[in-house]
Amino acid sequence: MVEQARALAERLMSEHHDAAERLQRAYRLLYSREPTEDEAQLGRAFLTANGANATASVDRLQQYVHILLAANELLYVD
Amino acid sequence: MTTSPSLPIVSRRQMLARSAAGFGAIGLAGALQAAGLLGPAAQAAETGIAPSQGRKSPQPHFAPRAKRVIYLFMNGGPSHVDTFDPKPALKDHEGKMPEGDTMRKKKGGFIPSPFAFAPQGQSGVVMSELFPNLARCADDLCVIRSMHTDVPNHEPGLLLMHSGNQQPIRPSIGAWVSYGLGTENQNLPSFVVLAPRKPVVGPHLWSSSFLPAAHQGMSVDTNDMQVSKLVTNLHHPTLSRGQQRQQLDLLGALNRLHLAKRPGDSALEAQIQAMETAFSMQAEAAEAFDISREPETIREAYGTTNFGQQCLLARRLCEHGVRFVSAYYLSKDNNQPWDTHSNNDDGHRKLCADSDRATTALLTDLKQRGLLEDTLVVWGGEFGRTPYAEPQKNGKNGRDHHHTGFSVFLAGGGVKGGLMYGATDELGMHAVENRVHVHDLHATILHLLGLDHERLTYHYSGRDFRLTDVHGNVVRGILA
């Protein structure tokens with residue numbers, strides 16, 4: 001999981017320079033949909049927590065997409 | 001009735017489940033209609049009845065005598081006539097063939113036990129010389145000599161002993177207890193299973209079946225007792241606990257948004273809970289599962305065998321508030337070592353020596369810590385073994401499966417110590433006095449835990465289910 005999250009984070013970093021676009025792209029890749037406003041807000045808050053620069057840190061982005069990979073939406077099929 | 005696409009009355013998964021459960025295509029309209037009419041009620045049943053959902057501990061029906069259970073399972077079926085049920089008459093009938101349908105094909109004549117029996121302790125509970133240590137605990141033991149079960153075969157016998165049903169379709173007793181009483185410890189699972197390999201039948205023995213998934217037994221491979229091997233991923237490779245906490249908060253928030261659109265789905269709720277438990281387990285399990293923290297004298301007392309170590313771990317887990325611990329007696333090369341079809345006597349010598357030491361250490365240790373009072377220890381297998389021989393060409397005769405009379409013993413947790421309850425006939429063939437069926441044993445275990453086996457129900461597939469189905473009587477005669 002940690003390695004998969006790393007690979008996805010690195011891909012998002014290389015494909016998009018804007019934090020919001022990366023977040024949107026992650027939702028499209030993993031869930032085939034746009035994030036809701038609540039979800040986007042949670043994502044922004046996580047990426048900028050502890051005074052982090054949302055666009056600079058691949059480590060923080062990795063921790064974020066790790067959670068998207070571990071979420072029920074990905075684990076369970078409706 | 002709502003028609004919002006984000007609030008499906010029947011989800012795709014439920015749809016498949018219901019289809020698979022027997023609705024043919026022709027019944028589809030009816031099924032959908034029924035779902036529309038019955039959907040809300042069924043949902044309430046699925047979430048509302050589960051007392052332990054969200055791990056808030058439900059209350060027992062009445063004051064419990066036992067708060068937790070350690071079930072020591074002797075896989076394969078120990079021989080009652082060589083352990084706790086002396087039958088001197090077998091000597092007089094040696095070589096005579098048993099009468100009637102014994103359900104076993106390779107029948108030999110009766111064979112006496114080669115082991116000497118003697119009363120032990122103040123109470124005079126009788127056991128064979130194979131239990132020299134357990135003899136010191138005689139006054140704590142409640143030996144039931146009149147057990148009987150429905151079949152002399154391992155798989156259905158194991159399933160019946162674990163779930164009250166011969167087919168693998170019902171929750172395990174540990175899952176029922178977890179459902180009925182919840183956990184004493186928010187950071188550890190309420191039902192833990194210790195085994196060095198898979199027993200016969202395997203994971204269904206600790207299944208939650210139709211009960212909410214949180215009550216499933218957590219199985220732990222005890223081949224390597226190093227705590228990092230027992231419980232994998234105890235430490236995150238790079239992140240700190242604080243960083244993990246932030247991740248988990250995000251995960252919880254996202255999963256709750258997801259769940260809000262799918263109300264009443266117990267699997268999704270269980271997964272949210274499982275992630276939280278896993279996180280808190282990382283801290284607590286590192287301590288609870290680590291038997292290397294025990295003093296050398298204690299580890300020595302339990303013995304260095306796998307079963308000995310499992311007994312020690314079981315005690316630690318109980319101290320940490322695990323409600324139900326099952327420890328399976330298995331060996332690397334045998335998934336049911338007590339199944340002594342050949343060379344019964346040597347087999348029992350070896351098995352009992354190990355089990356005797358570990359079980360005695362556990363009972364003694366629990367007692368010294370004041371835990372035996374409210375911990376119920378159960379020792380037994382899925383059935384007993386024949387009082388007659390299973391002949392072998394090399395002369396090393398064995399004993400076959402035997403289900404119409406056998407022994408188990410209980411200790412602590414509100415049972416009368418120093419008691420021999422019930423009896424088999426003079427040859428150990430059939431339980432004849434104060435007969436105790438598996439359902440009665442289950443009813444009694446639940447009773448000791450403060451649960452009425454007739455009231456501990458779960459609504460599933462259109463009716464209420466119980467561990468004891470429509471059977472079972474509490475064995476009042478063994479209650480302290």
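- Ion pairing between a basic and an acidic side chain is recognised when a charged N comes within 4.0 Å of a carboxylate O; Asp38(A) and Arg256(B) show no such pairing.
- If you tally non-hydrogen atom pairs under 4.5 Å between each of Leu254(B), Thr238(B), Leu248(B) and chain A, the highest count goes to Leu254(B).
- When all heavy atoms of Leu230(B) and Phe289(B) are compared, the pair lying nearest together is CD1-O, 3.5 Å.
- Neither the backbone nor the side chain of Leu259(B) comes within less than 4.5 Å of any heavy atom in chain A.
- Only one option out of Gln282(B), His235(B), His236(B) pairs with Gln244(B) in a side chain to side chain donor-acceptor pair (under 3.5 Å); it is Gln282(B).
- For Leu250(B), the parts lying near chain A are the backbone and the side chain together; criterion is any non-hydrogen pair under 4.5 Å.
- Interface remark: of the candidates Gly43(A), Ala71(A), Ala45(A), Ala71(A) forms the most heavy-atom pairs closer than 4.5 Å to chain B.
- Here Asp221(B) pairs with nothing under the salt bridge (Lys or Arg N to Asp or Glu O under 4.0 Å) rule; sequence neighbours left out.
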